[in-house]
Amino acid sequence: MTTPTRPAVDRRTAAAMYGTMALIRRFEQAAYRGYEQGEVHGTVHVGIGQEAVAVGMIGALRETDSVLSHHRGHAHALAKGVPPERLMAELYGRSDGVSRGKGGSMHATDLRRGFLGTMAIVGSSIPVATGVALANKVRGRDDVCVAFFGDGAVNQGVLYESLNLAALWRLPVIFVCENNSYAITTAVGDATAGPGVAARAEAFGVQAETIDGQDVLAVREAAERMIEGARAGRPALVECLTYRFMGHSRGDPAHGVYRDKEEVELWQRRDPLRVLAEHAGLGDDLAAELTAEARERVRAAVEFAGRSPVPGPAALMEDIVK
Amino acid sequence: MTTTTPAAATAPDAAPGAAQPATATFAAALCAAQHDAMRLDETIVLLGQDVRAGFPFGATKGLVDVFGPDRVVNTPISEAATMGCGVGAALGGIRPVVEVDFAGFLLLGLDQLVNNGAKLRYMSGGQASVPLVVRVGQGPLGSFAAQHSQTQHAYLAGIPGLTVLAPATAQQAYDAMRWALVQDDPVVLLEDMRLYRRGGPLTRGPVPGSVTSTVHRPGTDLTILTFGHGVVTALQAAQEVAARGIDVEVLGLDSLNPLDVAGVARSVRRTGRVLCLADDPPLFGTAATLSLVATTEAHDVLRAPVLSLGGRAVPTPYTPGLEALVYPTPGAAAEAITTLMKWTD
Ligand SMILES: Cc1ncc(C[n+]2csc(CCOP(=O)(O)OP(=O)(O)O)c2C)c(N)n1
Ligand SMILES: [Mg+2]
């Protein structure tokens, strides 16, 4: 892992990052509650503990850059500017949801904001992001596309086929692996051989590094470098070491089955919100203020979602094809 | 070799060797079948994501404690390679069971299953044997949205070289699994995810001689041809119309390929009225095939045209209200029955 010299960050930028992470944290807590109350359906995967990856990476993007995400994607959506009330309405399965209630947590999509969607097939975001980058290149734009995926996805062959295409065609794409140590119950070491995904990417001539995913400033710094390279046709991969504080999905306990409480607590000490507050010297008052703001936005989002109508039967057969 | 029984199968509802007929959930029955077969055949090896933990439905829970990590193998998320390994391991002389939790993930492994697994025996002029068992979750689970709510019966059953089973009860799940594990060619078990938690009687008997069809309810007025979770829907519909004096026979096709044509003929020739019921859309779907078989086998004695009831041709929506409109309900089946009964001799 490369230990970057932590960039000096101005207080306003740090506060904004903290605010977005707090928003994501509160949002996901509310999503969990919503599930328990029967308002959020099916299943829900939260990434509590992983907020720094989304916020550091996406915060360095332009509005016209785009993002593709996976089953644990609320953070990516919110960081890309998807309004929390529209995302919550999607989780509630309501008409005002970003995907009109048809996609849910696993398929929330907001094209207008460059949030090209969450894909629930592990590894599926990777070639699609590569294709979006191809389109950017063909259209003569210097926008980049970022694919997020988990450590579980690094053993899908499609990653290596995509790395090859990206390097071969010099595509403006960035592959972000959120290594949170587990794929459901399977520890990384039980699934992945060799020196890790960054080394694998380098074998394709793709610039790659492994960074501390709990430190939003470190992520941001790497993101800026990689985005600049990608705009110039040098695709990149970054592996962010992080941890999910909760279980894999609703119903899966945070610890007890495949990892123990001590391990979870150890990582919780490196809560990305706390890490940033300390590094940037935000101070308790500002942190509390930002948290209160986030809480209020999520409260409003929940209220909005609850008021949004459920889609009527006519919606069923709409949008299959144009 | 140890003979301890796995946790899921020793749950009080599936006690092995219990004197009175035990009951088990569909998932526990699958687990028990794998356990019982693995005790008899040391070459059986389970491959799948999180199979050691029995995640997510419990169909392999506890097996690692009995058979060890060499026979209950957690795979990385590499469906294409895992399925190919399944084919190769079968070719190499062992009996792999590849678990795929959701239908959507099978798409990544289909190349190996269809291009190799299903065809190697034929392409090699009968030399190659691929005794591979693939278990795949099917159907909706309730707001799991489009990628996690798919049915593949029609596609898979149409592939020559694949045997495709679609059990409807815990007993059938057990029997299908035991039978699959003594075949010489690839067998795909399509496990409707809505069935996993349903309980039913279970006798852990010997390997059945065949897997064909089951009369879940005998009747004289009309036959519902269905399979998997469709059996549950059909039985509810039959109950509903029984109050009006309509006597429905529910015939479950435990095997879709090969299809028990003789069993279908026997039933539909006796009742003369047929409703084909499936969750996939009727066009190009399983209901179309069942309808074709019924018509072919009984055209000279049918008392009414054959009707089909299937799901809507739409990617499964997330929101519960819309999802409920996709799959045939007992009410819709009862309505179709009413329509069929208007045809009199
Ligand atoms: C192709 C495919 N196989 C299996 C699954 C089931 N599944 C959903 S999430 C998951 C684990 C993914 O782990 P990882 O990529 O590390 O992401 P994390 O859940 O840790 O965020 C699995 C196996 C899936 N969705 N898609
Ligand atoms: Mg992971």
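Every chain is numbered from 1, with letters handed out A, B, ... down the list of sequences. All figures in this text were calculated on a predicted structure; none of them were measured in a lab.
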- request: Can you tell which part of B:F144 gets under 4.5 Å to a heavy atom of chain A, answering side chain, backbone, both or neither?
  value: both

- prompt: Is B:R312 close enough and on-axis enough to B:Y327, meaning under 6.0 Å and within 45°, for cation-pi?
  reply: no

Top of A:G251, A:S124, A:A191 for chain B proximity - count of heavy-atom pairs under 4.5 angstrom: A:A191

field: Polar contact flag, side-chain donor to acceptor under 3.5 angstrom, B:Y196-B:E191
entry: yes

- request: Using only heavy-atom distances, determine whether the side chains of A:E90 and B:Y318 contain a donor-acceptor pair under 3.5 Å.
  value: no

- request: With a 4.5 angstrom heavy-atom cut-off, could you sort out which part of B:A146 is near chain A: side chain, backbone, both or neither?
  value: backbone

field: Max heavy-atom pair count under 4.5 Å with chain A, selected residue of B:L141, B:T75, B:L325
entry: B:L325

task: Would you please classify the geometry between the B:F67 ring and the B:H35 ring as parallel, tilted or perpendicular, with 30° and 60° separating the classes?
output: tilted

query: Does the side chain of A:Y258 pick up a donor-acceptor pair with the side chain of A:D252 at under 3.5 Å?
result: yes

statement: In terms of heavy-atom pairs under 4.5 Å with chain B, the winner among A:M317, A:H41, A:K102 is A:H41

Heavy-atom pairs under 4.5 Å with chain B, option from A:T43, A:T192, A:I121, A:V122 with the top count: A:I121

Stepwise side-chain contact (heavy atoms from CB on, under 4.5 Å) test for B:L108 and A:V158: CA-CA 10 Å; B:L108 285 73; A:V158 76; over 6 Å; no

message: Working note: B:I77 + B:Q49, criterion side-chain contact (heavy atoms from CB on, under 4.5 Å); need CA distance, chi angles, decisive distance, verdict.
response: CA-CA 7 Å; B:I77 308 170; B:Q49 291 156 22; 3.6 Å; yes

message: If I measure from the heavy atoms of chain B, does A:V44 come under 4.5 Å with its side chain, its backbone, both, or neither?
response: neither

query: Considering only heavy atoms, which portion of B:L107 lies under 4.5 Å from any heavy atom of chain A: side chain, backbone, both, or neither?
result: neither

- line: Looking only at A:M119, A:H107, A:R94, A:H248, most heavy-atom pairs under 4.5 Å shared with chain B are made by A:H107

- line: Whatever's closer than 4.5 Å to a heavy atom in chain B on A:L316 counts as both

